[in-house]
Amino acid sequence: MSVIYFLITISIVVAIFFLYAFIRAVRSGQFDDDYTPSVRMLFEDELKKETNKNQINITKEKQL
Amino acid sequence: MDTDKCFHCGNEIPKKDEVIFDEKAFCCNGCKTVYEIFSQNDLTCYYDFQASPGATPQDIKGKYDFLDNEEIVAKLLDFQEETTSIVSLYVPHIHCSSCIWILENLQKLQQGIIASSVNFGEKKVRITFSPKETSLKRIVELLSSIGYEPYISLENYGETKKKVDRSLIYKIGVAFFCFGNIMLLSFPEYFEVNEYWINQYRGFFRWLIFGLSLPTFFYSASGYYVSAWKSVKAGLLNIDVPIALGIIVMFVRSTVDIIFDYGQGFFDSMAGLIFFMLLGRLFQIKTYDFLSFERDYKSYFPIAVTKIATDGTEIPVQVYDIQKGDRLLIRNQELLPVDGILISEKASIDYSFVTGEAVAIEKKSGDKLFAGGKQLGKVIEMEVLFSVSQSYLTQLWSNDVFQKKVEQKHKSITDKVSRYFTPALLILSIVSFLYWVFIDVTTAFNVFTAILIVACPCALALTAPFTLGNVLRIMGNKKLYLKNALVIEQLSKVDAIVFDKTGTITTNKKTAITYEGIELNNAELRLLKNVLRGSNHPLSRRLYDFIPNQEKLEIESFEEIIGKGIEAIIDGKKVKLGSSQFLKTMTENTHKKTKVHVEIDGKYKGSYVFNNQYRQGLEQLFEKLSHEYDLYVLSGDNDGERKILEKMLPANTTLVFNQKPDQKLLYLEKLQKEGKNVMMIGDGLNDAGALAQSNVGISISENVNVFSPACDGILDATQFDKIAYFMKFSKNAMRTIYISFGISLLYNIVGLSYAVTGNLLPIVAAIIMPLSTITIVSFVTIMSNIYSLKKY
């Protein structure tokens, strides 16, 4: 039955790890602005599309 | 696409100004230029996220010359090194995803910008750039040229960087971690059966729980001990006293319990209680990051102005360095930072920041100019009379009310209840202790601690934060932005409301003039303009300014009948202008609106309508409010409008005219001495003193991002007619709190009945505590939402 010491220790360690991760995230300012990142996330695709377009333009110019 | 709206800024396009470019319609060249910049740089995605997201760029020539001054720039930068500098700029125009997108792609528009990131909530953009390749001035000019002019004021200068306080979040994180784990580890003992393995490992579980409770007890709850200690020292018993007492007793008794193996203790309840209460605190804090409630004149004054040195050169000079006798150059749209005398021939000064009056005042050479005005039109020169701090307007801030701490002004409702609750609780616990001590000493101690534990006013302490936090959010959605939750309580206690006149009950947008009737052709307009030129009547002057410029005509005869109108013969035509009686056209009931009727050559053409400059719904609002509140209107103007106001407003409204800023403050003080709870509603910097003196100061703002003096709340001007609704809502919010106080006391009584009889088991405490919390929180949330739907 002494396995219970082992299991509980593991569970607490895992929990402490998550607490540490949470505190680190707060400290780095992740929760200071809760709106902009949600919008910013959606931009990536648009940007890629645009760079593709540019690349196409460039290749076209090269062909000319 | 809607062809009538500008593709860039979405404003209506006046036909003659329309600019067509790239098959898109723009309202002006400025908007077109921004579009051009974006399309050249492959940034037209800007228009994909939101239709017409832009703003027309303003003419800023020379406005930011002071950014050449390195000392000033150094004060504005967050971080400065040889290769990288970082600056945070407040950009009021940020309002949609397109804004975020374009501002985070600035590096495509200017060499030297390394990265930029937007904080939407604060409406700030943080730009990292290389000072070798670009400069702050060039960045600011770039932003202005694409319609995102940053707002730089004296406040930025010498501002110490605020440290973000995240300790509440840490505390909640720690409390939640401990609470969760303690709960899990407590479960076996809740269902205690005398099984072998529970008895075997009980000690281990209990000491582990004890260990987990330490961070909550010493760290998460620390704020309550400090607050309780302070309140005891001040001789007041606020709600934190029984809370802190409850927590400490819980901890000590539980520790004693497990040391002597009496039981498992109340660590689970303790951790839960601390967690829920911290959560309540978090909920109550709703901040509007993009608004500032502490603004004074510094937020509006420029950092630097242009000084003309003795040798005639123009140098930017920091505002605090301006001295008496200096000569300053004020450009179009620039603010006068000091009092002075006009040297240039003419100036047109807009004092809307100060008084709320939108119409610019003409000044002639030699006239005195007051700080706070904005020059419109040409560049002017002025000579300084006083330095910044000694100017007429800024002197207001040396008044004592601005030094007072706002927190001290009132006690919150929870603290008032706890003034009775805490002593009652202590008396009850001592009485029961004395009763039990003669029967059994151990039980006596148990009962004593159990009472303090179960009566720990968790639900009581949560009621106000959750109600007020919710109301704060609802009001924010309806565009009344309050500084904090305490303001709602104050709002509900108000019994006198003082309004400023100009800019508050009147709009400070220019009153529109509209024409009704048969359309006038150009020749007829020319006749009108020439007739009006000869008249000095205020309505004639305004109508004269309204009609577009026309060529001059010789007037053959001209007669002005005072109080009626004008009759003139011009270019062989007879023109009659004036009231309906004068023209003998009693077409409609005209007493509500101001109209000027037009008749040319005996034919009635139509009328110019001068729209009421008072805010919409003013009469109804005053009518509603007059039943419950004493109403006052304070005005800095002369009593020219007394008659109109007396007619419009309820009879019990007190009208006071000719009030200087400090007199307004004294007037409020006088009302307060009469025992009234006064709410001040104002708008300009001249109301700042009165707003600070009042119990609740609400400032009305046409554009909440840009302008409002220091106050307790900012109301969007479009919501002016809802003031009565907000007052009613705040009263209902307080009623909700009283009801739920009752409910939470009920829970306390149930818990106490267990405690007094000496039967409080840890499991009972662990059930009552979260149960009461959940009922209270859901009750107040539902109630405040129901009340918010009520129309008034």
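In what follows, chains are A, B, ... by sequence order, proteins preceding strands, each numbered from 1. Predicted, not measured: the structure shown is a model, and the values here were computed from it.
Taking CZ from B:Phe204 and CD1 from A:Ile8, the interatomic distance works out to 5.0 Å, rounded to the nearest 0.5 Å. Between B:Leu208 atom CG and A:Thr9 atom OG1 the span is 8.0 Å, to the nearest 0.5 Å.
In terms of heavy atoms, B:Glu104 sits closest to A:Thr36 at OE2-CG2, 4.3 Å. A:Arg27 and B:Arg166 make their closest contact through O-NH1, 3.1 Å (heavy atoms, listed as atom of the first residue, atom of the second, distance). Across all non-hydrogen atoms, the minimal contact from B:Leu212 to A:Ile12 is CD1-CD1, 3.9 Å.
Both the backbone and the side chain of A:Ile23 come within contact range of chain B, each with at least one heavy atom under 4.5 Å from a heavy atom of that chain.
Around CZ of B:Arg281, the count of heavy atoms belonging to other residues, nucleotides or ligands within 6.0 Å exceeds 12. Annotation for B:Gln111: atom CD does not count as buried by contact number, only 12 or fewer foreign heavy atoms lying within 6.0 Å. Atom CZ of B:Phe79 sits in a crowded spot, with more than 12 heavy atoms from other residues, nucleotides or ligands closer than 6.0 Å.
Residues of residues 178-186 of chain B lying within less than 4.5 angstrom of chain A, judged on heavy atoms, are B:Asn181, B:Leu185 in numerical order.
Aromatic ring centroids of A:Phe22 and B:Phe177 lie 6.0 Å or more apart.
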